[in-house]
Engineer: 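I'd like to ask you about the structure that follows.
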Amino acid sequence: MIESIGLNYIWLVPLAPLVAFILITFLFKRFKMLSALTAIFSMVISFWLSLDIVKTILTDHSITMNSPLEKAVPWLNMNGLFIEMGALIDPLTAGMLFVVTFISLLVMVYSVGYMHGDPGFSRFFSYLALFVFSMLGLVIANNYFQMFVFWELVGLSSYLLIGFYFYKDSAAQANKKAFITNRVADFGFMIGIIILYLYFGTFNFAELAKGISSSSDLAFLTLAGILVFIGPIGKSGQFPLHVWLPDAMEGPTPVSALIHAATMVAAGVYLLARGFILFASSTTAMTVVAYLGGWTALFAATIAITQRDFKRILAFSTLSQLGYMVMAIGVGSLTAGMFHLTTHAFFKALMFLCAGSVIHALHKQDIFEMGGVFKEMKITGTCMVIGGLAIAGIPPFAGFWSKDEILLVAKENGYTLLYVLAAVTAFLTAFYMFRLIFLAFFGEKRSDYHAHESPWTMTVPLMILAVFSIFGGFIGAPFVEHGFASYVYFGEPHHPKPDIMLMGSSTLIALAGIFLAWLVYIKKAISAEKIANQFAPIYKFLYNKWYIDELYQWFFDKIVLGLSALLNWCDRYIVDGIAHSIAWMTRTIGAKGRYVHTGSLQTYGLVIFAAVVVIVLFLAGPVVGGVQ
Amino acid sequence: MSFPILSSILLAPVLGVLIILFIPEKEDKIIKIVAAIATGITVLLSLYAFVNYDQSVGGIQFVEQIPWIDELGVVYALGVDGISLPLVLLTAIVIFTGVFASWDMEKRAKEFFVFLLALVAGVFGVFLTTDLFFFYLFFEVAVIPMYILIGVWGSTNKEYAAMKLTLYLLVGSAFALIAVIGVYLYTGLNTFDIQTLTQYTYDVGFQKFAFFLLMIGFGFLVPMWPLHTWSPDGHVAAPTAVSMLHAGVLMKLGGYGLVRVGIFLFPEGAKFWAPLIAVLCIVNVVYGAMVAMAQKDLKFVIGYSSVSHMGYVLLGIAALNTLSINGAVAQMFAHGIMTALFFALVGNVYNKAHTRMIADFGGLAHQMPRVATGFVIAGLASLGLPGLVNFVAEFSIFVGAFRVYQVLAILAISGIVITAVYVLRVVQKVFFGPRNPRWDELQDAKGIELVPIVILCGVLIFLGFFPSFLMELINNGVDPFVQEYLSTLKIGGMF
């Protein structure tokens with residue numbers, strides 16, 4: 001038995017923020033600072049315990065992917081349904097715990113500055129604590145049921161936080177859209193786990209893994225795999241259920257950073273990693289996962305190059321990066337997917353917090369109304385550039401190593417088309433990200449704004465994240481021995497051979513993207529407007545996000561609401577209509593039938609006798625025989 | 001003989017009625033306090049029974065028997081097991097909170113509470129008795145006060161709704177009555193004891209016949225599509241506490257009857273008719289939810305959502321396995337609490353705003369944050385969010401039903417999406433959005449109005465996180481019956 005405070009008190013990791021949520025909601029709501037401190041303090045506890053778990057795993061090599069530590073308590077036991085709540089601890093869990101608690105802690109500190117003066121200050125921190133509780137419950141889950149429960153609860157926190165400014169119509173629309181889109185996905189996910197349970201008799205990951213590896217029912221495994229994958233399609237914003245994520249930017253920016261970039265949306269990828277054996281058992285399922293991820297990566301990037309809103313560009317970039325991660329899992333590398341998830345959490349959280357810092361200062365979100373912000377906000381600007389270099393994939397920044405590994409495994413496993421898609425996406429990514437940076441932070445001031453650097457509560461988290469965005473990739477860089485891949489893997493650790501050609505070419509692609517952005521937006525050698533005008537239909541198509549939102553809106557307004565109105569009419573006039581006509585018949589017969597009331601006792605007696613005979617026959621008939 | 005807990009539960013509201021009759025009309029505060037105490041006693045006693053029920057022994061407990069009509073073998077027999085006990089507790093919670101939700105009832109308060117308590121005594125009787133004769137008797141006791149309560153204290157088309165409801169329920173009970181008399185005559189055991197009647201082996205033909213009658217009879221009550229149209233009209237017309245009781249408890253009499261009398265007495269008959277119920281209940285689930293989406297009046301939305309959610313109960317019953325029936329019973333409990341919460345909240349808003357039209361509202365969370373919070377919790381329960389007890393019930397039904405009816409179960413699960421759509425639309429349109437100055441005068445729920453909201457939300461959340469308190473008790477009641485009567489029938493599908 002390993003002695004570790006983190007492992008012994010693993011329950012506290014999710015429960016600390018839950019306690020904070022309860023305390024804030026019921027006791028501290030009136031005291032703003034106390035609420036914030038309670039939430040932050042609970043995060044310090046979770047973070048510290050998570051660090052201890054990571055440390056234990058790094059120093060004591062007895063907990064590996066193939067020999068995890070599991071703890072569980074029965075939650076519900078009925079004939080036909082046995083459910084546990086538990087904790088499954090392996091390097092995958094530990095890494096994710098670190099990411100979630102680390103980013104949550106930074107975002108909470110940041111929010112003290114960002115949300116300063118907001119009337120919903122305490123409510124904000126209580127929701128954040130609720131979110132972290134749900135997310136950590138999801139991360140430590142040792143079975144699909146628990147995963148699903150917390151999966152839905154993170155959805156709830158996301159709903160509450162997107163709608164944080166509930167008085168804005170756009171926010172009230174966006175959170176509804178987010179929830180319903182995710183519900184569509186969870187519909188598939190739920191059926192998936194139900195059939196898994198009925199087939200194997202358990203929700204437990206380890207037991208399922210045993211069952212799956214000894215099962216040869218390929219058709220079933222493919223079906224189950226694809227159904228379960230529908231969950232991540234919603235949560236991790238894969239095409240065609242990606243529509244909610246850009247709208248989710250209606251929430252406060254720290255929320256966008258934490259939930260809609262770094263952690264919750266990555267839960268889908270985490271689920272794919274956690275249940276990897278299910279997908280890996282079916283080539284068809286894996287192919288679906290891989291191509292859908294690759295397609296989403298490219299698709300979202302094409303939209304990102306045309307958008308004007310600071311946060312929306314980042315949102316599409318999140319979609320695109322999530323596509324990378326899903327693709328990595330699909331081409332067979334749990335390691336690459338999780339590695340990119342980790343580095344992405346650092347640099348995307350960084351960029352969103354930079355966005356928050358800018359929005360906080362300027363009260364503007366349109367990058368065409370900014371320009372030259374760098375001069376006034378040096379720290380934020382520098383951090384944003386670091387984030388940009390990281391996501392673009394410039395060595396030695398974090399994103400370079402993880403993105404490179406994805407490209408490498410795609411190539412190695414023979415997915416040439418996906419490799420090309422990913423490379424094109426990398427080019428687009430570098431371009432749109434530096435389009436954003438050049439337009440917002442450099443060049444001339446394009447509108448009348450007053451900017452100032454944000455308070456330290458906001459800049460300190462930025463600087464910490466910036467450090468991680470620079471050096472964070474080294475944990476998995478090919479020259480590091482016993483790096484990320486030695487801990488987080490499926491089956492056996494796999495260290496892809498560093499491919500200098502590939503590294504060189506992807507660096508060149510990234511540089512080309514940045515160079516093009518520089519040409520267009522700084523040097524103005526090429527006019528973006530001219531290109532947009534020349535290819536107006538394509539530009540409009542991309543700017544309107546391929547009109548997918550409109551398509552869904554049309555489907556909802558016309559088909560769903562139409563059907564609803566039709567059924568409502570049926571209920572009023574057909575179902576109820578029949579009932580009314582029966583009532584009318586009864587009344588009519590009654591009106592005519594009163595003439596039967598002759599007042600003659602003999603007649604009554606005869607009728608009563610006849611009725612009794614009929615009833616007795618009716619009742620006795622089946623007994624005596626007849627109806628079978 | 002030990003303290004007669006169950007009779008006390010039954011008689012507490014009756015005693016309340018008797019006391020209220022002697023209180024002058026003007027003293028409506030005292031009348032309300034008496035009603036609150038009488039129903040409060042039922043809550044405490046049912047909680048006591050709930051906690052002290054011995055699961056290791058199982059079966060019918062807290063038995064009380066007094067011979068009533070010897071010639072007919074009628075016995076005043078009370079007793080509860082894992083199936084009825086949760087429903088007794090549900091009834092107590094709903095009526096207790098219902099009294100607080102009617103705290104501002106001023107119109108003929110005395111008569112209102114007299115009828116309300118009489119109604120609830122009937123409902124308690126149905127769940128408590130183990131004698132088929134009394135089962136039917138109590139059932140009728142519950143229907144008549146309903147007519148008066150809606151007809152006199154209702155709103156929106158109340159005479160029509162009251163008449164419709166009463167006629168539907170009486171037609172339903174007529175079907176059930178034929179079955180009850182049929183069973184009595186068929187067995188010839190000169191007893192109405194449900195236990196004894198359950199052990200009797202019926203001819204398959206008779207089972208089909210009797211179950212059909214019960215299916216229609218109780219189907220009116222549940223309500224099963226297409227026998228459901230009385231219920232939204234009734235919900236809408238009824239005053240708040242009656243809506244709570246009606247949707248929260250009265251509809252459950254049908255589901256309870258189907259399980260207790262229908263399935264357990266006539267397993268073969270149930271097996272024969274189950275596919276029909278399964279198909280119709282999917283219509284309930286999907287059609288009910290779609291129709292709910294089209295409603296403009298808040299109460300109609302909740303009314304149709306009840307039609308939709310009770311479809312899950314029927315699905316659990318139709319799948320005829322322990323898990324699915326567990327889920328059905330739990331869903332009755334969960335839906336009862338949830339819908340009572342909905343009606344309490346809508347009643348609160350209606351009393352102050354004098355409208356229930358969704359289009360009239362918007363941004364109400366500014367003026368009524370507590371009501372909005374309660375409504376969001378009820379809505380989340382309704383759409384089956386984990387962490388609230390409804391999810392556990394629905395999930396059990398889904399897993400249980402999936403064993404038997406794969407396609408229908410998938411259609412039923414699609415209900416969670418449609419429900420999310422209509423619930424969140426209502427939440428958005430009524431509570432979110434910019435502040436509407438028209439409603440600036442509205443007071444948020446406070447003081448005594450908070451009692452129902454807090455209790456009902458508390459139950460939903462507590463049992464959502466710790467469902468074993470409820471589910472394992474239900475399992476304890478359902479499983480032995482299923483093992484004995486149903487498992488031999490080989491009902492099943494692909495798993």
Side-chain angles (χ1 to χ4, degrees), chain A residues 74-81 145 148-153 155-156 159-160 163 166-169 171-173 175-176 179-180 183-184 186-187 190-191 194-195 197-199 556 560-561 563-565 567-572 575-576 578-579 583 615 618-623 625-628, chain B residues 164 167 178 181-182 185-186 203-206 208-209 225-226 228-229 287 290-291 293-295 321-323 326 363 365-366 380 383 385-387 391-392 395-396 398-400 402-403 409-410 413-414 416-417 420-421 424-425 427-428 431-435 467-468 471-472 474-475 479 482 495:
Chain A
W75 188 65
L76 183 58
N77 187 8
M78 294 187 288
N79 182 4
L81 190 66
F145 182 88
F148 183 80
V149 165
F150 286 101
W151 182 270
E152 294 280 296
L153 289 179
L156 166 68
Y159 172 80
L160 294 172
F166 64 88
Y167 43 83
K168 287 187 356 197
D169 273 327
Q173 286 284 357
N175 70 347
K176 184 183 67 174
F179 199 100
I180 292 171
R183 261 286 143 138
V184 174
D186 296 344
F187 166 60
M190 193 195 240
I191 296 173
I194 288 177
I195 65 172
Y197 180 78
L198 291 175
Y199 196 90
F556 183 76
V560 177
L561 289 185
L563 185 64
S564 159
L567 290 177
N568 187 37
W569 183 87
C570 284
D571 204 58
R572 282 283 137 209
V575 179
D576 230 12
I578 292 171
I615 290 171
F618 189 57
L619 285 177
V623 184
V627 185
Q628 279 301 320
Chain B
K164 188 171 180 179
L167 285 179
I178 300 174
I181 296 173
L185 296 176
Y186 179 92
D203 172 66
V204 177
F206 181 76
K208 289 177 186 170
F209 166 72
W225 191 89
H228 66 282
T229 54
Y287 170 103
M290 289 301 285
V291 176
M293 207 185 291
Q295 300 308 314
N321 55 54
T322 303
L323 185 60
N326 284 348
H366 291 277
L380 294 171
L383 56 79
L385 190 86
F391 165 71
V392 184
F395 193 80
S396 307
F398 294 153
V399 177
F402 211 99
R403 282 177 205 277
I410 290 171
I413 298 175
S414 78
I416 67 169
V417 179
V421 173
L424 296 182
R425 264 166 63 91
V427 168
Q428 181 214 342
F431 293 101
F432 295 162
R435 189 188 191 97
S468 54
M471 303 301 289
E472 284 171 15
I474 295 174
N475 186 61
D479 199 37
V482 173
F495 297 102

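Every chain is numbered from 1, with letters handed out A, B, ... down the list of sequences.
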Engineer: Are any of the side-chain heavy atoms of A:Asp576 and B:Lys164 separated by less than 4.5 Å?
Structural biologist: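 Side chain of A:Asp576 against side chain of B:Lys164, heavy atoms only: contact under 4.5 Å found.
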Engineer: Under 4.5 Å heavy-atom distance to chain B, tell me which part of A:Leu563 shows up: side chain, backbone, both or neither.
Structural biologist: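 Interface part for A:Leu563: both.
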Engineer: Between B:Ser414, B:Pro467, B:Pro226, B:Ala365, who has the most heavy-atom pairs with chain A when the cutoff is under 4.5 Å?
Structural biologist: B:Pro467
Engineer: For a quick test of reading the model, state the closest non-hydrogen atom pair linking B:Tyr287 to A:Cys570 and the distance between them.
Structural biologist: OH-C, 4.2 Å
Engineer: Considering only heavy atoms from C-beta outward, does the side chain of A:Phe179 approach that of B:Leu385 to under 4.5 Å?
Structural biologist: yes
Engineer: Taking all heavy atoms of A:Asn79 and all of B:Leu323, pick out the closest pair and write down the distance.
Structural biologist: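 In terms of heavy atoms, the two residues are closest at O-CB, 3.8 Å.
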Engineer: Between A:Leu76 and B:Ser468, what is the shortest heavy-atom contact and its length?
Structural biologist: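 Heavy-atom minimum between the residues: CD1-CA, 3.8 Å.
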Engineer: Quick check: do A:Gln173 and B:Phe432 have side-chain heavy atoms less than 4.5 Å from each other?
Structural biologist: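 Heavy-atom side-chain distance check fails, nothing below 4.5 Å.
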Engineer: Give the member of B:Ile474, B:Leu185, B:Val417, B:Leu383 that has the highest number of heavy-atom pairs under 4.5 Å with chain A.
Structural biologist: B:Leu383
Engineer: Compare every heavy atom of A:Leu81 with every heavy atom of B:Ser396, then report the nearest pair and how far apart it is.
Structural biologist: OG-CD2, 4.0 Å
Engineer: Only counting residues at least two apart or in another chain, list the ones meeting side chain to side chain contact (heavy atoms under 4.5 Å, CB included) with A:Ser564.
Structural biologist: B:Met290, B:Met293, B:Ala294
Engineer: Would you name the heavy atoms of A:Gly80 and B:Arg403 that are closest together and state the gap between them?
Structural biologist: O-NH2, 3.5 Å
Engineer: Rounded to the nearest 0.5 Å, how far apart are CZ of B:Phe395 and CZ of A:Phe145?
Structural biologist: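 Here the interatomic distance stands at 5.0 Å.
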Engineer: Do B:Phe398 and A:Ile191 have side chains that approach each other closer than 4.5 Å (heavy atoms only, starting at C-beta)?
Structural biologist: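 The answer is no, as the side chains (C-beta and beyond) never meet within the 4.5 Å cut-off.
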Engineer: Which atoms of A:Met78 come close to chain B, meaning under 4.5 Å heavy atom to heavy atom: side chain ones, backbone ones, both, or neither?
Structural biologist: both
Engineer: Evaluate the side chain to side chain donor-acceptor pair (under 3.5 Å) criterion for residues A:Asn568 and B:Gln295: first the C-alpha distance (whole Å), next the side-chain angles of each, then the deciding distance (0.1 Å), finally the verdict.
Structural biologist: CA-CA 8 Å; A:Asn568 187 37; B:Gln295 300 308 314; 2.8 Å; yes
Engineer: Kindly determine whether B:Arg425 and A:Leu561 satisfy side-chain contact (heavy atoms from CB on, under 4.5 Å), including the steps that lead there.
Structural biologist: CA-CA 12 Å; B:Arg425 264 166 63 91; A:Leu561 289 185; 4.1 Å; yes
Engineer: Just to verify, which of B:Leu424, B:Val427, B:Val421 counts as forming a side chain to side chain contact (heavy atoms under 4.5 Å, CB included) with A:Lys176?
Structural biologist: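 In the set B:Leu424, B:Val427, B:Val421, the residue that makes a side chain to side chain contact (heavy atoms under 4.5 Å, CB included) with A:Lys176 is B:Leu424.
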Engineer: Mind ranking A:Leu153, A:Asn77, A:Val184 by heavy-atom pairs under 4.5 Å with chain B and telling me who comes out on top?
Structural biologist: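 Counting heavy-atom pairs under 4.5 Å, the top option is A:Asn77.
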Engineer: What pair of heavy atoms forms the shortest contact from B:Gly433 to A:Asp169, and how long is it?
Structural biologist: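 Nearest pair, atom of B:Gly433 first, then A:Asp169: CA-OD1, 3.5 Å.
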Engineer: For B:Leu167, which atoms come within 4.5 Å of any heavy atom of chain A: side chain, backbone, both, or neither?
Structural biologist: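 Contact with chain A involves no heavy atom of B:Leu167 at all.
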Engineer: Between A:Trp151, A:Tyr197, A:Trp75, A:Trp569, which residue shows the highest count of heavy-atom pairs closer than 4.5 Å to chain B?
Structural biologist: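 If we count pairs closer than 4.5 Å to chain B, A:Trp75 comes out on top.
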Engineer: Does any backbone or side-chain atom of B:Val482 lie under 4.5 Å from a heavy atom of chain A? Answer side chain, backbone, both or neither.
Structural biologist: neither
Engineer: Between B:Phe391 and A:Phe148, what is the ring plane arrangement, given parallel below 30°, perpendicular above 60°, and tilted in between?
Structural biologist: parallel
